[in-house]
Amino acid sequence: MTAVISVEANYPDTGYMSEILPLKCVHCSDDVPLVRLSGDASLAFCCDGCEAVYSLLRGLSLDSGYYALKAGKKSPYKPLLESGEDYSALDEAPFRQKDVERPSLDFFLEGIHCSACLWILERLPELSHDVLSARLDMGRSLLRVQVGETGRFENVAKLLLSLGYRPHPVRSEREVDEKLKVSDRATLRRMGVSAFSAMNVMIYSVSLYSGADGYEGALLRWLAIGVALPALTYGAWPFYLNAWNALRSLRISIDLPIAIAFVGGFAESLRQAILGTNLLYLDSLTSLVFLMLASRYALSRLERAEVSKAGLLSLLLPAKAIRWVKGRSGNLEPENTRSNLLREGDLISITTANGVPVDGKVESGQAWIDLSFLSGESRPVEVGPGDWVYAGSRVMEGSAHVRVSSWGKDTRLGEIERKLEASAPKHNKRTERSDRWAMLFLASVIGFAFLLFFLFGFESPNEALRRSLSILIIACPCALALATPLTLARAYRLAASRGILLRDPDALDRMLELTDIIFDKTGTITRGMPSVRAWRWVEDPSSEEKSFYESVAYSLEIKARHPFGKAIVKFLENRHGVQKLAVEEFAEIAGKGVKGKIDGVEYTIQAANRRIALSQSGAPVALITLDDEVRPEAGRVLEKLGKRGLRLSVLSGDSLAAVARVAGLLGIDSRRGALSPEEKRSVIESEFGTRKVLMIGDGINDVLAFRAAHVSVAFNRGEGASIESALSGADVAILKPNLNHLIFLLDTAVAYRRTLTRNAIFSAVYNLTGASFAALGLIHPLVAAVAMPLSALTVYFSTVVGLRSGEEHL
Amino acid sequence: MNIIFILAPLSLALASLFVVLFFRSVNSGQFQDLETPAHRMLIEPSPIESEENPSVENHD
């Protein structure tokens, strides 16, 4: 018996059923709400989705393997049995190629977190007849799925959802990705060649240092020169190229002194070989080429593992739409079509089955729309004849006929995306802070070398030349050039371990200049989802009656789609005495609530003014108040930020009253409400124009503001919300819904800067010392061979140690 | 010590062979995904296991 989890394993040793700690869901290890526990169940699930996956796996005997690998790790997303998303477009162009026998499609998956994911995803063919093969790239969360002729990608997407992943089809706008892949391969090849050179040259050098001479010495000398060439030409090529490009634009990058060291070092080694001595620096040089290529490669790989940059419009898959056209009889008849085929003037139906695919005006009907992409609020807004609806919003209840006014790029959503693309990111190139230092450094080293040569040139030109060139070699700022990518890579890793994605490496530098932090309200400071704040009984029922009414409310609301329903369910599911009852004649009261009959008696739950009333046969029994509660950690986080001297503000698309309430609770004076996405940006530009602002938000309604901010952070509001929409245009993404990560981010930036500075100081000291010794003629190639890698190693350790301290600040 | 005149070029030739093989493996895309194979390695049942004990996983 492998799959049945024994009851004892879940209950601590209290012996009391009523005092138990929550049972864990067999599938996702999350807490199981009390209401889902039946008396003697040894298998409990937190939701229907988890139960479904478990049954699926068990039915195919895949459960033991899967759960063994999962080992109790929690999944970030729950399995969804339905999502309201229409994936039928995946089986047409441009997703599915026509004349291919076994078409394949890449999905970017949110929710990959462990080996069990790999295990189950690559066994997709066993779970579905549609899939022929599935291959996962965990580093980039990409799943490549191949289907057969009759297989449908739509089913694959639904299966992935039901397994607990959020699939996003990736289109081939991945030229950037391709370029990176190509350049990575080139770097790898260069690394291979440089390693070959370095290792062989080192062998020869040992012999030479030990005093090889005569014919053998000559052979080794010239072999060393020959074998070093591939590393110093092909291997070091990127450095020469960068240095040259910088020179052409009259800049000096840090690659220039490096290039000079390589060329100068080679020249000197060649000179010495011709002279017949053993003073060749080739071993230091070639191993440095390898080290530097390796560090750049490591950094590039880390940068590649970022989330795919999907455009906003890709969120709107062309979905099925119902268009009304004049039929032969002269009446309007419904026609099935696709949203990307709709045109201005068409009349379509919008229902809860599809999202709203276009911008348009309602002509008839009544519906409740979720406009969170514009306002951040998921409170449904009622629309009727004459009102506008927008592409990207979802229909929560009701249905309506809409006259199409714009589609695709001309919709509100398309406009936002266009504005996003039009405004180039504020910070384009890598801040070459090292540029100025590189210039200074180079100037001083070359100057010094020349000076030395001219001073002693007449006495012994040979020795003078040797010393001058050895200055150039030993002073190679390799350690410094290694330090930056190394530090950055370390910062990336550290952040990633906390679920923070650094999409723009320079953001870390910019974070140190901040004066203000601007928060979005809904979903960022608050949970973004309503929750029950108060439950008041009209009269004073007995506790059995209370449990009964709570069960009634639970049984009704579990069938509702309204976000209020979820809030009530969440509140009730862990209370003692709540059970799921059988409901007859269940119906949703459009826009207001739900009703149904239990044991013949009719109950309704509906909104009255600002509260929700649970009524029995018309008489109110309980009054429920809902609220979008502020995140528990928000208070302390804001306090800590305030102590750092940062000014805090709230900009929100929600009403002024709601903003005032939350801001007042947290003591934030600077607040604006009822802002559209465009207005958020213009507020930042106009009122915060001169200040350095960090903007943190969770939705599409924040993306334009991101552009105006000095640093932008996309925040995952949690509760299964996908973060993809906010990613466009954000410098950093916080994947776990906890505001403490913002503090961690700022701390990491400080530790990063400190480590860089420390490394820079060390490099400077080292170079000064080395240059002085070289001037005195004390730098034998053997000394260089030891000193240069040693300095690189020291920098490495300084980085690793330096970027550990970031963790302690939480 | 004259042997070095044979050994040195020979070792170079061998090393060059390895570089060529390395190039081929890079070009074939082996280094594209460095993370997943580490997990995959721990998951696949070894051929011995599945042949001699075919019922290990399916028994309850």
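A note on names: the letters A, B, ... follow the listed sequences, proteins ahead of strands, and every chain is numbered from 1.
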Within-4.5 Å side-chain heavy-atom neighbours: [X] and [Y]:
| X | Y | answer |
| --- | --- | --- |
| I4(B) | L220(A) | yes |
| R40(B) | M138(A) | no |
| F5(B) | Y215(A) | yes |
| F22(B) | V193(A) | no |
| Q32(B) | D184(A) | no |

Exercise. Pick from A38(B), A15(B), P9(B): which one has the most heavy-atom pairs with chain A under 4.5 Å?
Worked result: A15(B)

Exercise. With respect to chain A, which residue among V19(B), L34(B), N2(B) yields the maximal number of heavy-atom pairs within a distance under 4.5 Å?
Worked result: L34(B)

Exercise. Nearest 0.5 Å, what's the CG-OG1 distance between L136(A) and T36(B)?
Worked result: 5.5 Å

Seminar exercise, completed: d(N200(A) CG, S16(B) OG) to nearest 0.5 Å is 8.0 Å

Exercise. Does CZ in R135(A) sit with more than 12 non-hydrogen atoms of other residues, nucleotides or ligands closer than 6.0 Å?
Worked result: no

Exercise. Within a radius of less than 6.0 Å around CH2 of W237(A), do more than 12 heavy atoms belonging to other residues, nucleotides or ligands occur?
Worked result: no

For this session: Check whether L223(A) gets within reach of chain B through its side chain, its backbone, both or neither, counting any heavy atom under 4.5 Å.
Result: side chain

Exercise. Is a side-chain N or O of R185(A) found less than 3.5 angstrom from the main chain of N27(B), in a donor-acceptor match?
Worked result: yes

Exercise. Relative to chain A, which segment of F18(B) carries a heavy atom at a distance below 4.5 Å: side chain, backbone, both, or neither?
Worked result: neither

For this session: Side chain from CB out, backbone as N, CA, C, O: work out which of these in V26(B) comes under 4.5 Å of a heavy atom of chain A, or both, or neither.
Result: both

Exercise. Which residue out of P230(A), C114(A), S115(A) racks up the most heavy-atom pairs below 4.5 Å with chain B?
Worked result: S115(A)

